[in-house]
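Down below is the structure, laid out as structure tokens.
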There are 2 protein chains.
Amino acid sequence: MYSLAEENYLKAIYHLEQETKGEVSTNAIAERMATKPSSVTDMMRKLADKKLLSYKRYKGVLLTSEGRKTAANVIRKHRLWEVFLVEKLDFHWDEVHEIAEQLEHVQSEKLIAKLDQFLGNPDFDPHGDPIPDQHGNVKRTEKKLLSELDKKQRGVCVGVKESSSDFLQYLDKKKITIGTKVTVLGKEFFDGSMVIQVGRDQFFISKKIAENLYVQTN
Amino acid sequence: MYSLAEENYLKAIYHLEQETKGEVSTNAIAERMATKPSSVTDMMRKLADKKLLSYKRYKGVLLTSEGRKTAANVIRKHRLWEVFLVEKLDFHWDEVHEIAEQLEHVQSEKLIAKLDQFLGNPDFDPHGDPIPDQHGNVKRTEKKLLSELDKKQRGVCVGVKESSSDFLQYLDKKKITIGTKVTVLGKEFFDGSMVIQVGRDQFFISKKIAENLYVQTN
DNA sequence: AAATATTTTTAGTCTTATCTAAATATTAGA
DNA sequence: TCTAATATTTAGATAAGACTAAAAATATTT
Ligand SMILES: [Mn+2]
Ligand SMILES: [Mn+2]
Ligand SMILES: [Mn+2]
Ligand SMILES: [Mn+2]
């Protein structure tokens, strides 16, 4: 249906739209895709011709509903494959992203439907990100960053914001994963650092860590 | 490592080399790839530069051991994915080829190793074709075409030569699959047609059917 | 409101993989 | 062996997707 390049642009724009809550700029797309702004302009023309987004010179782009649906489907595939790699093939959660980047472009509606079923229709990927349904709808859940919690508050880890290998390996070392209960024992206002309790362990974490862990407080 | 186009050329040449047992001609490659001879010539130059095959103008090509290993690895991936699709996702054996054509290009040594293990290190794909090992070695088995059997001879179906959807669906209708025992009850020398016994059923098959079913006689 | 800085687009080039049409080499027939 | 048919290569073109450098539009300072 759509080329690999087109799918990757749509996916990047989809994510950027949610972050910026509005038009997405040429430079933002170029940076996210590790490409040059002039290449982005060319592609925006093409995607606009195909009615996947609206584009006005110098004004940035917005996905059409067709574009958004297409992007969500690629993300759906990416996340389902990540679940497969972790749950079935025993990959570690820090090593599945690159492989899913390739698998997400395999074209077959039936394959995805069967994979979804095989995996037990999961709602979240190994990093806690929601898996869009067949229509591209994502059920958004209440979650906040650990850094937003105050002293004495308690939350359950439900996802990571960054999912770089370094960060995920840090979390493993500290025995934090999806579902882990975390209690804030202390919070330093000067630098945002915290002391938290995880299981029986208590330790210090920097603001940067706290800003990349999603938790749910009930 | 190698591009999608390069991998597909290598795979086609690998198969053609086995069929012709010698140099593979430009036209044969063009026909197999559904492309034009001039495109093949260009690609042969490129693959020769990369030492994946030897090419002399007007003389056809032969894979180098590096080329053969690369081709076998793509075939290994193709067949492992076919096993996955049939065994784990409950696809029918007539609908997995197109999807495997895409999956075979996913790059990750670790993925293939883990997939192989997950599937229980299978030796054959759903069509009875052998799965090359990590080094590209294929264990070849004794098999012949059903058409080579004579009256009263008996064989076990171990594979199909063609695996078009039409043919596979015909086999299903006749309850023939890998492992099915087949006995030749009669053979017409004029047109090569046969009457065979499968389970309790006896029926007529054309030469074309008999020439596309591999059997093992012990 | 100018001047300056930043962002975005345009123009032109490159690589990969394809094609058509024409030229050349090889093979087969008379 | 000469000729005709077939196979293969060369030359030149195209499309996708990227790049650089320069031009144009927009945004930010003074
Ligand atoms: Mn990912
Ligand atoms: Mn993920
Ligand atoms: Mn196949
Ligand atoms: Mn097969």
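In what follows, chains are A, B, ... by sequence order, proteins preceding strands, each numbered from 1.
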Exercise for the section: Measure from the side chain of A/Ser38, starting at C-beta and using heavy atoms only, and say which of D/dA18, D/dC19, C/dT18 lies closest. Expected result: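 Per side-chain heavy atoms of A/Ser38, the pick is D/dC19.
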Handout entry: Pairs meeting criterion side-chain hydrogen bond (donor to acceptor under 3.5 Å, both in side chains) with involvement of residues 58-69 of chain B, two or more places apart
Key =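 Every pair satisfying side-chain hydrogen bond (donor to acceptor under 3.5 Å, both in side chains) with a residue in residues 58-69 of chain B: B/Glu17-B/Arg68.
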Exercise for the section: Keeping to residues at least two apart or across chains, list the side-chain hydrogen bond (donor to acceptor under 3.5 Å, both in side chains) pairs with something in residues 109-121 of chain B. Expected result: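 Checked against side-chain hydrogen bond (donor to acceptor under 3.5 Å, both in side chains) - neighbours excluded - the pairs reaching residues 109-121 of chain B are A/Glu95-B/Lys110, B/Arg76-B/Asp116, B/Asp116-B/Asn121.
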Exercise for the section: Could you check which nucleotide pairs with D/dT30 in any of the strands shown, counting Watson-Crick or G-U wobble with both distances under 3.5 Å? Expected result: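 Checking every strand shown, D/dT30 finds its partner in C/dA1, with both distances under 3.5 Å.
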Problem - Within residues 23-37 of chain A: residues closer than 4.0 Å to DNA chain C (heavy atoms) - result: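 Going residue by residue through residues 23-37 of chain A, the ones with a heavy atom under 4.0 Å of DNA chain C turn out to be A/Ser25, A/Thr26, A/Asn27, A/Pro37.
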Exercise for the section: Please list, by residue number, the residues of residues 53-63 of chain B whose heavy atoms come closer than 4.0 Å to an atom of DNA chain C; answer none if no residue qualifies. Expected result: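 DNA chain C contact set from residues 53-63 of chain B: B/Tyr58.
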Practice task
Rounded to the nearest angstrom, tell me the gap between atom CG in A/Asp42 and atom P in D/dA16.
Solution key: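 Atom CG in A/Asp42 sits about 11 Å away from atom P in D/dA16.
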Problem - Length of the line joining A/Asn8:CG and D/dA18:C1', which is rounded to integer Å - result: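 Taking atom C1' of D/dA18 as the reference, CG of A/Asn8 is at 14 Å.
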Is any side-chain nitrogen or oxygen of [X] closer than 4.0 Å to OP1 or OP2 of [N]?
{"X": "A/Tyr9", "N": "D/dA16", "value": "no"}
{"X": "A/Arg45", "N": "C/dT9", "value": "no"}
{"X": "B/Thr41", "N": "D/dT8", "value": "no"}

Pairs of donor and acceptor atoms involving the side chains of residues 137-146 of chain A, under 3.5 Å and at least two apart or interchain, shall be tabulated with distances.
from     : atom 1 : to       : atom 2 : distance (Å)
A/Lys139 : NZ     : A/Asp123 : OD1    : 3.1

Handout entry: Pairing residues for B/Gln153 by the side chain to side chain donor-acceptor pair (under 3.5 Å) criterion, not counting sequence neighbours
Key =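 For B/Gln153, no residue satisfies side chain to side chain donor-acceptor pair (under 3.5 Å) once neighbours in sequence are set aside.
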Handout entry: Set of residues satisfying side chain to side chain donor-acceptor pair (under 3.5 Å) with respect to B/His92, sequence neighbours excluded
Key =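 With neighbours one apart ignored, the set is B/Asp94, B/Asp172.
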Exercise for the section: Decide yes or no on salt bridge (charged side-chain N to carboxylate O under 4.0 Å, His left out) for A/Arg32 and A/Glu19, but give the supporting numbers first. Expected result: CA-CA 12 Å; A/Arg32 185 62 60 95; A/Glu19 290 166 29; 2.8 Å; yes
Distance-only check: which donor-acceptor pairs under 3.5 Å involve side-chain atoms of residues 155-163 of chain B, not counting sequence neighbours?
from     : atom 1 : to       : atom 2 : distance (Å)
B/Glu162 : OE1    : B/Ser164 : OG     : 3.3

Problem - Listed once per pair and sorted, the ring pair (Phe, Tyr, Trp, His ring centres under 6.0 Å) pairs that draw on residues 99-128 of chain A, sequence neighbours left out - result: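 Counting only pairs at least two positions apart or across chains, no ring pair (Phe, Tyr, Trp, His ring centres under 6.0 Å) contact touches residues 99-128 of chain A.
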